[in-house]
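Report on one structure; see the data block that follows.
If you read the sequence from its start, that first residue is 1, and numbering goes on from there.
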Amino acid sequence: MSASLRNIDGQDEASLLREIQNALRDLRFGAVEITVHNAQVVQIERKEKFRLQQPGNKAG
């Protein structure tokens with residue numbers, strides 16, 4: 001099952017794809033969630049996690 005990218009608030013498919021690419025850019029740990037309602041993208045949410053090294057663990 002798939003949803004098509006339709007115009008929303010004056011945005012075309014290329015604009016929506018650029019927004020998704022921007023949300024993914026430089027993301028190392030996390031998720032990008034795309035919410036679709038009535039076959040239209042209504043929200044793009046980026047959740048980013050920062051992994052901290054625990055004391056005593058050395059990188060390398």
Who pairs with Glu48 by side-chain hydrogen bond (donor to acceptor under 3.5 Å, both in side chains), at least two apart in sequence or on another chain?
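For Glu48 the side-chain hydrogen bond (donor to acceptor under 3.5 Å, both in side chains) partners, ignoring immediate neighbours, are Arg46.
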Restricting to side-chain hydrogen bond (donor to acceptor under 3.5 Å, both in side chains), what partner residues turn up for Glu45, sequence neighbours left out?
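If we apply the side-chain hydrogen bond (donor to acceptor under 3.5 Å, both in side chains) test to Glu45, skipping adjacent residues, the hits are Gln43.
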Between CG of Leu27 and NZ of Lys47, what distance do you get to the nearest 0.5 Å?
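The CG atom of Leu27 sits 12.0 Å away from the NZ atom of Lys47.
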Straight-line distance of Ile34 CD1 to Leu16 CG, nearest 0.5 Å
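So the CD1 of Ile34 and the CG of Leu16 are separated by 9.0 Å.
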In chain order, what residues pass the salt bridge (Lys or Arg N to Asp or Glu O under 4.0 Å) check against Arg18, with sequence neighbours excluded?
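Scan of Arg18 (salt bridge (Lys or Arg N to Asp or Glu O under 4.0 Å), adjacent residues dropped) gives none.
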What are the two closest heavy atoms between Val32 and Ala23, and how far apart are they?
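For Val32 versus Ala23, the nearest heavy atoms are CG2-O, 3.7 Å.
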Enumerate the residue pairs fulfilling side chain to side chain donor-acceptor pair (under 3.5 Å) with a member in residues 25-37, sequence neighbours excluded, ordered by first and then second residue.
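Listed once each, the pairs are Asn22-Arg25.
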